[in-house]
Number of protein chains: 2
Amino acid sequence: MGSSERKEREKAELKEQILHTAKKILLKSGKNGLSIRKIANEIEYSPATIYLYFKDKDEILHELMEMGFMLKNKYMAHAYAEKDPAQRLYEIGKAYVSFGIQNKDWYDIMFNSDEPMQHMAKCREDWDQGMAMFNFLTMTCKEAIQKYDLTTIDENVMALQLWSSVHGLVNLALTNRLDIVEHADKHEIIEKVLSSMLHCIFKK
Amino acid sequence: MGSSERKEREKAELKEQILHTAKKILLKSGKNGLSIRKIANEIEYSPATIYLYFKDKDEILHELMEMGFMLKNKYMAHAYAEKDPAQRLYEIGKAYVSFGIQNKDWYDIMFNSDEPMQHMAKCREDWDQGMAMFNFLTMTCKEAIQKYDLTTIDENVMALQLWSSVHGLVNLALTNRLDIVEHADKHEIIEKVLSSMLHCIFKK
DNA sequence: TCCTTTTACTGAACACTGTTCATTATATTT
DNA sequence: AAATATAATGAACAGTGTTCAGTAAAAGGA
């Protein structure tokens, strides 16, 4: 009979509903405001029911992390399509920072939080999205090195140098530490640092 | 009578004891393991008593932040004493990263946590330690720019570029995201990025 | 249709968290 | 010794993640 298939579909539907609600609460109340009990309340099930669909809160945050990467990819799409690797690096940096600044809670879950990493460790899973992102950055660096004949820098070092810079900038901005040391406009100063960074790398 | 003086001294002593215990728990159980109730339990007072000496947990974390900066200064002392500004920047970077990697909980409270910033906002206080740190970095950049005739870079931009890089590196390392994208030795790769960063800036 | 088995769900509890406040205990002063 | 001022707390409020015995509902078989 097809009833077992229907049941599986219903089970998947409730799982989706839980995640959809989790996302809703995340957007409304932030990561700190997201709790199992609030999700349960919203979908009108008991908190215990959540644990029939997810092992623990870490797993839910891991799923939210994956959703975050999908959102981030929308921000990156235009930059990724740029032909010139040097210009592409600049566009990637700008898009990355825009995503981070405009989506604090998503960014925290993806790049700062312990819970999704904890879940991956428990499941012996890889950080596929993070690795894919970094690999693409590294490939663009490689292209740029070849095209602009940058003999003194390694592509892996260059990629990490760029990533850590924008990661640091976003975190300083999101924790309100950037405005304290630099009163000027946040976007302007970040733009300047990113430009300076790339200018440093590409000048010979 | 001097009894009021003695009472004030006793009050200050208990305040010190609370902070000392908070530090002890932070070192043993991390920031997440630090709770008002654990402090109260350790010093054998009721949790409510803590609130006679501190407005809230934010204030305690703010005090811990200040303690963290004192510890950091010990890490930085040698670097700060370096004569040559370019070499000093390198030593500062290395010392900063060492401090961060070796003191996750202190680093989080100082450079990532919201609570100490929240406390400062409530008290309309400045982030003195952070500003002092950044000002010193900026001055060193200014010196380096003058000595090595770097005409294309602004000292403020350069300082922020360096800070965000090491901040990003430390955070990626502390959240176990660095080892995932780069399997090589953590310290080695960080050293390489820092060197590359400074090499980029100082080459003409 | 009735009965058994399987699946789905939940109430209540456990062990925590920060914070407040009326009440009690202690110490000081009159 | 009594009155006052200070210090400390018990208990409660409103939360948190998580577990598990027990119940309700649906599915399968006779």
Side-chain angles (χ1 to χ4, degrees), chain A residues 1-19 21-22 25-26 28-64 105 109 113-119 122, chain B residues 1-19 21-22 25-26 28-64 105 109 113-119 122:
Chain A
M1 248 154 276
S3 65
S4 66
E5 290 164 32
R6 196 205 66 204
K7 283 182 77 179
E8 264 192 48
R9 202 178 57 233
E10 277 173 0
K11 218 173 150 101
E13 269 169 22
L14 186 45
K15 199 165 180 174
E16 263 323 302
Q17 212 195 328
I18 290 169
L19 289 176
T21 307
I25 296 169
L26 180 76
K28 201 204 258 179
S29 317
K31 201 202 148 197
N32 282 348
L34 175 63
S35 76
I36 301 288
R37 281 178 155 89
K38 276 186 195 163
I39 299 172
N41 210 52
E42 187 82 20
I43 61 172
E44 293 178 295
Y45 278 86
S46 128
T49 303
I50 309 278
Y51 289 87
L52 300 173
Y53 294 84
F54 296 93
K55 211 189 141 289
D56 50 25
K57 200 185 176 185
D58 289 359
E59 188 177 352
I60 293 175
L61 282 165
H62 180 262
E63 299 261 11
L64 286 175
D105 297 299
I109 288 174
S113 297
D114 205 44
E115 295 92 333
M117 305 312 261
Q118 211 68 44
H119 175 76
K122 273 181 281 191
Chain B
M1 247 156 276
S3 64
S4 66
E5 291 164 29
R6 195 206 65 204
K7 282 182 76 180
E8 264 192 47
R9 202 178 58 234
E10 276 173 1
K11 220 176 148 97
E13 269 169 21
L14 186 45
K15 199 165 182 175
E16 263 322 302
Q17 211 195 329
I18 291 170
L19 289 175
T21 306
I25 296 169
L26 179 77
K28 201 205 257 179
S29 317
K31 200 202 148 198
N32 282 347
L34 175 63
S35 76
I36 301 288
R37 282 179 155 89
K38 276 186 194 164
I39 298 172
N41 210 52
E42 187 82 21
I43 61 171
E44 293 178 295
Y45 278 86
S46 125
T49 304
I50 308 278
Y51 289 86
L52 300 173
Y53 295 84
F54 295 93
K55 210 188 141 290
D56 51 25
K57 201 185 175 184
D58 289 359
E59 189 177 351
I60 293 174
L61 283 166
H62 180 262
E63 299 262 11
L64 286 175
D105 297 300
I109 289 175
S113 298
D114 204 45
E115 295 93 331
M117 305 312 261
Q118 210 68 44
H119 175 77
K122 275 180 281 190

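On a predicted model such as this, the values are computed, not experimentally measured, just so you know. Residue numbers start from 1 in every chain, and the chains themselves are labelled A, B, ... in the order their sequence lines are given, proteins ahead of strands. Any value given below was found using the heavy atoms of this structure, including those in side chains, with hydrogens, waters and symmetry copies removed.
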Check: In whole angstrom, what separates B:L52's CG from D:dG10's P?
Finding: 13 Å

Next item on the list: Starting at atom NZ of B:K11, determine the distance to atom C1' of D:dA7, rounded to an integer number of angstrom.
Entry: 8 Å

Note to self: Could you tell me how far apart A:I39 (CD1) and C:dC9 (C1') are, to the nearest whole angstrom?
What the structure shows: 17 Å

Notebook entry, point to check: Ignoring hydrogens and angles, are the base of C:dG18 and the side chain of B:R37 linked by a donor-acceptor pair under 3.5 Å?
Noted result: yes

Notebook entry, point to check: Of the nucleotides C:dT19, D:dT19, C:dT20, which has the atom closest to the A:A48 side chain?
Noted result: D:dT19

Checklist line | Euclidean distance, atom CG of residue A:D114 to atom C1' of D:dG17 [Å, nearest integer] | finding: 16 Å

Margin query: Please find the pair of heavy atoms, one from A:A22 and one from A:I39, that lie closest to each other, and give the distance.
Written below: CB-CD1, 3.8 Å

Check: Between B:S113 and B:E115, is there a donor-acceptor pair closer than 3.5 Å when you use the side chain of the first and the backbone of the second?
Finding: no

Margin query: Between A:Y53 and C:dA8, is there a contact of a side-chain N or O with OP1 or OP2 at under 4.0 Å?
Written below: no

Next item on the list: Would you kindly give the CG-to-C1' distance between B:L34 and C:dG18, to the nearest whole Å?
Entry: 12 Å

Checklist line | Phosphate contact (C:dC9 OP1 or OP2) by A:T49 side-chain N/O below 4.0 Å | finding: no

Margin query: Using whole Å, what does the distance between atom C1' of nucleotide D:dT18 and atom CD of A:E115 come to?
Written below: 15 Å

Next item on the list: Respond yes when some side-chain nitrogen or oxygen of A:S46 is under 4.0 Å from OP1 or OP2 of C:dC9, and no when none is.
Entry: no

Notebook entry, point to check: Hey, which of these two, B:L14 or A:D58, hits DNA chain D nearer its 5' end, going by closest nucleotide?
Noted result: B:L14

Next item on the list: Given side chain to side chain contact (heavy atoms under 4.5 Å, CB included), test A:L19 with A:F54 step by step and report yes or no.
Entry: CA-CA 10 Å; A:L19 289 176; A:F54 296 93; 3.6 Å; yes

Next item on the list: Report the distance from atom NZ of A:K38 to atom CG of A:L26, rounding to the nearest 0.5 Å.
Entry: 11.0 Å

Check: Taking CD from B:Q118 and C1' from C:dT19, how many angstroms apart are they, rounded to a whole number?
Finding: 16 Å

Margin query: With a cut-off of less than 4.0 Å, is there a side-chain N or O of A:Y51 near OP1 or OP2 of C:dT10?
Written below: no

Check: How close or far is atom C1' of D:dA14 from atom CG of A:N41, stated in whole angstroms?
Finding: 14 Å

Note to self: Strictly distance-based, threshold 3.5 Å: is any side-chain N or O of A:Q17 a donor or acceptor partner for the main-chain N or O of A:E13?
What the structure shows: no

